[in-house]
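Excluded from the calculations below are hydrogen atoms, water molecules and symmetry mates; all remaining heavy atoms, backbone and side chain alike, are included. Everything numeric in this text was worked out from a predicted model, so none of it was measured. Every chain is numbered from 1 and lettered A, B, ... according to where its sequence line falls, protein lines coming before strand lines.
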Amino acid sequence: MALDQLYQEILLDHYKQPRNKGVLVDPNVRLELKNPFCGDEILLTLRVDDGVVTDVAFSGHGCVISQASASVMTEKIKGMTVQQVKQMAEQFSDLVKTGHAETVLREGGDDLDAFSGVCEFPTRVKCAMLAWRTLLQGLEHHEHQHHYLDDEKSRATD
Amino acid sequence: MALDQLYQEILLDHYKQPRNKGVLVDPNVRLELKNPFCGDEILLTLRVDDGVVTDVAFSGHGCVISQASASVMTEKIKGMTVQQVKQMAEQFSDLVKTGHAETVLREGGDDLDAFSGVCEFPTRVKCAMLAWRTLLQGLEHHEHQHHYLDDEKSRATD
Amino acid sequence: MSNLGHTIRREFPLFNDPANQGLVYLDNAATTQRPRQVVEAMQDFYYHDNANPHRGAYRLAERATQSYEDARDKVAGFIGAASSEEIIFTRNATEAVNLVAYAWADHVLQEGDDIIVTEMEHHSNLVPWQMLAQRHHASLRYVGFDGQGQLQLDQFDALLRLRPRIVAVTQVSNALGTINPVAEMIRRAHAAGAVVVLDGAQSVPHMAVNVTELDVDFLVFSGHKMLGPLGIGVLYAHKRLHSAMQPVLYGGDMISNVDYDHSDWNDMPWKFEAGTQNVAGAVGLAAAIDFLRDLGMDAVAEHDRLLTGYALEQLQQLDGITLYGPRRNHGPAISFNLTGIHPHDLATYLDQASIAVRSGHHCAQIVMKKLGLAATARASFYIYNTLEEVDRLIAGLNQAKDYFKKWL
Amino acid sequence: MSNLGHTIRREFPLFNDPANQGLVYLDNAATTQRPRQVVEAMQDFYYHDNANPHRGAYRLAERATQSYEDARDKVAGFIGAASSEEIIFTRNATEAVNLVAYAWADHVLQEGDDIIVTEMEHHSNLVPWQMLAQRHHASLRYVGFDGQGQLQLDQFDALLRLRPRIVAVTQVSNALGTINPVAEMIRRAHAAGAVVVLDGAQSVPHMAVNVTELDVDFLVFSGHKMLGPLGIGVLYAHKRLHSAMQPVLYGGDMISNVDYDHSDWNDMPWKFEAGTQNVAGAVGLAAAIDFLRDLGMDAVAEHDRLLTGYALEQLQQLDGITLYGPRRNHGPAISFNLTGIHPHDLATYLDQASIAVRSGHHCAQIVMKKLGLAATARASFYIYNTLEEVDRLIAGLNQAKDYFKKWL
Ligand SMILES: Cc1ncc(COP(=O)(O)O)c(C=O)c1O
Ligand SMILES: Cc1ncc(COP(=O)(O)O)c(C=O)c1O
């Protein structure tokens, strides 16, 4: 049944025992997003040091798909470079939209694969992507800020 | 042919030799109206003394129907009481919309009857009515003003 | 009566589409389906009478104008308006509320004025007032609702003592199913000198609404929630407000005269209908009104009551269900939650069983905040629904509970 | 090619209606007729995929959302937009112009700023700017046109030296038939720092228009003038303007978050689409675009040119005719007058011969004032018109001259 493809056991595990649930004490990336059409919310806090995600946590509430997706995501991205994270987000987006994904994700492993069933449920793609959209926007703000600080610095030393 | 019912000889006469064309020197009713959908304009000037239309003139430009209707109207209403004018306007409106009219118009006579063909041309009803609408609105303003003046007077004598 | 759903369904081609076989459509508060009479009326217009109305001196244009103005007369009759001048066609109820704000309220509101809304308003009858208040430094005040989803009329009375300029209230709530005592509220609001904007989006489709009896100032509703087409809505504006209303959209038919530096406007109601209007939409709405009138609005309301009563009775018996809104006198939209199942997951499950319900905040986020929720599931009925479909819903919910058991 | 009209007519049921037998429909600048493909696309939507888009978690709602967003993509592709985000659906071109005024211009215009329009604008691309200028004490400046209906570009250049904030111009005039050199005008306007609002109501239906090549800021047009349904129009807004645009209508899908005292908005383009949208209208517009693309916009333009050229040639030979607008490179709307016959009387006469032409000011009263006229007659062509129909028009005009001889 297609429904079992959507609600796979691995999601159950993440939904019942979410990894990295909470709020970091000293994050340098912090973003809250809302899925306007279902009211789901996520608050993501990260530490990014020298272009590497060193810590991450999520909180909020939502459906099975959005919560499990957030939990899996936090597990996967810890230790990755920002570049790698972005690539993975793109692959994940492909996966949930088409059911297929490229190599990077393969390396990501099984837990992400468990979202391949989402593609049969187009209205749920947004749920699966909520955490990742939040992540990407958070990183973008961060980089912006970073560049800005860099600029400030270089101007200061001019 | 229906067209000949619309463009009757009497209209031709009024169109070519419009009665009461011009602007009164000393009107106490004056109103300009426009048919927003064809750009036709009419300026009506009247003298109303003791509730009787003592003089009237029209100017402006427009199609055969609107010009002839204005000309016929000015001829008919001279000497009438405001009350009679209003009744005739209503009857005329019935005539151009339905082709039939009540008694008052009968007394009004042939020239008004010549507009009975308009009812076959619903888009032209507005043209036939332009002068009459202007007249009614002008009289309404006049009465308003009149009442207002009366009020002022009565208050002044209070 | 209980058979209305069965007999009438045949007229709705969507339910005969093999792709929609067995579909239990319970999202009627969002939009209804259309009987073929409505779609065919639009087709007839396009295939026989189509032209740009109001401006053509040829017969086709006259037929188009007639179709459009006949539709306006029909709407006026349907809601008991004194005159067709009081009927302004809009795109939807949302635009109609915004039109009241821009065309009228912006010209009368003063700094420090009060505007009363309720906590159960749809965003469309809330955010326009929020923004209006911001523009004028006016105060937006909320009438709360109690545990049964009933407006707290003592709060309403207290707020009326501020002598507010505007009271905006929905007649029937799309999120709670509450039917508000608007006749009485209008009376009190008028006594306090307020102008009342009534949101009829969920009432006009479901019950006889008479603007003259209600003596309401403004009423808004949407065609698509009452069997009519998308893209057509109505603003009823009582004649006494006309002189204080100014046009908002400029161009086309709403104009009488244009000069280099100023323009003059056409008469009511056209002065609020700028550009070429959705004549086919108005024609479709008129056909929907004919369809509803043939059934009789009392029969429509009775059918709603039957289904809603039966559904509430059955739903109450489910373990772990929370029902929001009133116990009795409940409108045809029922909001609920099942413990431990997110409404979004529930809707997906039901969809697999061909049952279409809505999940989310139903554009009533204040209601959700007040209830401490992110979302609810909502089933909403209309004339083509049946008691058997209610049974299907209940069965679906039971199966969903079973399916999601292990996720609890 | 000259046969396009004949072959294509079959697809337009209105012409097969016995009541419209022999109808020569020459009021296409006001609104076009619809091929059955367009009406059937809307019917298909209502009969198979209808639901409220964007918000439902069930498959029917997903299909509705897909239909709506596919239509948006199709519009974006048709006018060469860089992204579908740049396409906002409106009710018509008129609303689209007003939306630019309220959503963008109201937030950037300052007292004393200049706004440039032309003397040949349709009221819909004139009065919104007139009112905007009044609101901000800005100056509205007119580019005139010469005896051939051509914009006086030297005046335009002179006005650009004021460094105006806004230039609003029509690509093709509905009253004069002029085709303006807008690519060049946009270049010059940008060089002067202005933002350009292009009225494409008469161009998008008739020629290939590419917003990216034109580098235009805003483009407006209406579905109903290009075979599409009534009640749907488009505002193209270049991405560079998005951050300066604020919502105008509030409620429904345009919202992301609502709290008691403030709200946040959804992303582009939805933040400008408040309430339930005319999805069927968008679907119908997409079908119209498919229809036009199958023909090819070059073939459409070529057919227009053929008919317009032939008509101008024939009309010129009539005694007592005055033709307004350009001698060459004339768009498919031809304005004219016959000496001594009021255009309203002329239109009635032609209507009796089943020839539908428009008479009046064509919502371009400034054009009429400039020409010293109250009204003109106008014949305007589209893909289903034929050379024989032009002959019918000419014959009708000759007969009319004869009929009204005694009235001269
Ligand atoms: C040049 C031009 N601009 C704007 C419009 C307005 O279009 P609509 O009435 O569809 O809003 C028209 C149509 O009459 C037009 O010809
Ligand atoms: C109570 C209420 N008001 C207003 C609206 C807005 O209607 P529309 O989206 O047709 O503008 C709705 C529909 O969602 C509603 O339920």
Side-chain angles (χ1 to χ4, degrees), chain C residues 13-14 17 19 27 30-31 33-34 39 43 46-48 50-52 55-60 91-95 97-98 123-124 126-128 130-131 142 222 224 229-231 249-252 255 257-258 260 263 274-276 278-281 344 347-348 351 356 358-360 363 365-366, chain D residues 13-14 17 19 27 30-31 33-34 39 43 46-48 50-52 55-60 91-95 97-98 123-124 126-128 130-131 142 222 224 229-231 249-252 255 257-258 260 263 274-276 278-281 344 347-348 351 356 358-360 363 365-366:
Chain C
L14 182 127
D17 175 7
D27 197 14
T31 196
Q33 301 302 334
R34 279 97 199 146
V39 175
Q43 176 173 315
Y46 281 128
Y47 287 177
H48 303 292
N50 173 70
N52 202 319
R55 278 177 273 171
Y58 49 89
R59 284 164 294 170
L60 194 64
R91 177 189 6 243
N92 51 31
T94 301
E95 190 194 24
V97 177
N98 281 277
H123 295 164
S124 296
L126 173 55
V127 184
Q130 212 174 56
M131 297 305 291
Y142 288 82
S222 282
H224 69 95
L230 293 157
L249 298 177
Y250 308 103
I255 285 167
N257 180 55
V258 173
Y260 282 83
S263 300
T276 305
N278 187 356
V279 182
H344 218 162
T348 293
D351 183 38
R358 168 72 32 137
S359 64
C363 290
Q365 289 186 34
I366 299 291
Chain D
L14 183 128
D17 175 8
D27 196 14
T31 197
Q33 301 302 335
R34 278 96 199 151
V39 175
Q43 176 173 312
Y46 281 128
Y47 287 177
H48 303 292
N50 173 69
N52 203 317
R55 276 177 275 171
Y58 50 88
R59 284 163 293 171
L60 194 64
R91 181 193 357 248
N92 50 33
T94 301
E95 190 194 25
V97 177
N98 282 276
H123 295 163
S124 296
L126 173 56
V127 183
Q130 211 174 58
M131 297 305 290
Y142 288 83
S222 283
H224 70 94
L230 293 156
L249 298 178
Y250 308 102
I255 284 167
N257 180 55
V258 173
Y260 283 84
S263 300
T276 305
N278 188 357
V279 182
H344 217 163
T348 293
D351 182 40
R358 170 71 33 136
S359 63
C363 290
Q365 289 187 32
I366 300 290

Do you know which of D:T348, D:V258, D:T94 has the most heavy-atom pairs under 4.5 Å to chain C?
D:V258
Could you tell me the separation between the NE2 atom of C:H224 and the OG1 atom of D:T276, rounded to the nearest 0.5 Å?
3.5 Å
Pair D:R34-C:N50, side-chain donor/acceptor within less than 3.5 Å:
yes
If we define contacts as heavy-atom pairs under 4.5 Å, which of C:E95, C:H123, C:Q130 has the most with chain D?
C:Q130
Hey, which of C:N278, C:L230, C:I255 has the most heavy atom pairs under 4.5 Å with chain D?
C:L230
Heavy-atom pair of closest approach, residues D:P128 and C:Y250:
CG-O, 3.5 Å
My understanding is that only residues two or more places apart in sequence, or in another chain, count here; which of them pass side-chain contact (heavy atoms from CB on, under 4.5 Å) with C:S359?
C:P343, C:H344, C:A347, D:A57
Do C:Y58 and D:R358 have side chains that get closer than 4.5 Å, going by heavy atoms?
yes
If you tally heavy-atom pairs under 4.5 Å between each of D:T31, D:D27, D:N52 and chain C, the highest tally belongs to D:N52
Least distance between heavy atoms, D:Y142 atom then C:Y260 atom:
OH-O, 2.5 Å
With a 4.5 angstrom heavy-atom cut-off, could you sort out which part of C:S222 is near chain D: side chain, backbone, both or neither?
neither
Can you tell me if D:R59 uses its side chain to pair, donor with acceptor, with the backbone of C:D351 under 3.5 Å?
yes
So, using side-chain hydrogen bond (donor to acceptor under 3.5 Å, both in side chains) as the criterion, who are the partners of D:Y46 when residues are at least two apart?
none
Output yes when a side-chain donor or acceptor of D:N92 lies under 3.5 Å from a complementary backbone atom of C:A274, and no otherwise.
yes
Can you tell me which of D:G360, D:G252, D:A280 forms the most heavy-atom pairs within a distance under 4.5 Å of chain C?
D:G252
Do C:N98 side-chain atoms and D:L249 backbone N/O form a donor-acceptor pair below 3.5 Å?
no
Check each atom of D:Q33 against the heavy atoms of chain C and say whether the ones under 4.5 Å are side chain, backbone, both or neither.
both
Does any N or O in the side chain of C:Q43 come within less than 3.5 Å of the main-chain N or O of D:V39, such that one atom is a donor and the other an acceptor?
no
Tell me, out of C:G281, C:A93, C:C363, who's got the most heavy-atom pairs with chain D below 4.5 Å.
C:C363
Distance, nearest 0.5 Å, that separates NE2 of D:H48 from CG of C:D17:
5.0 Å
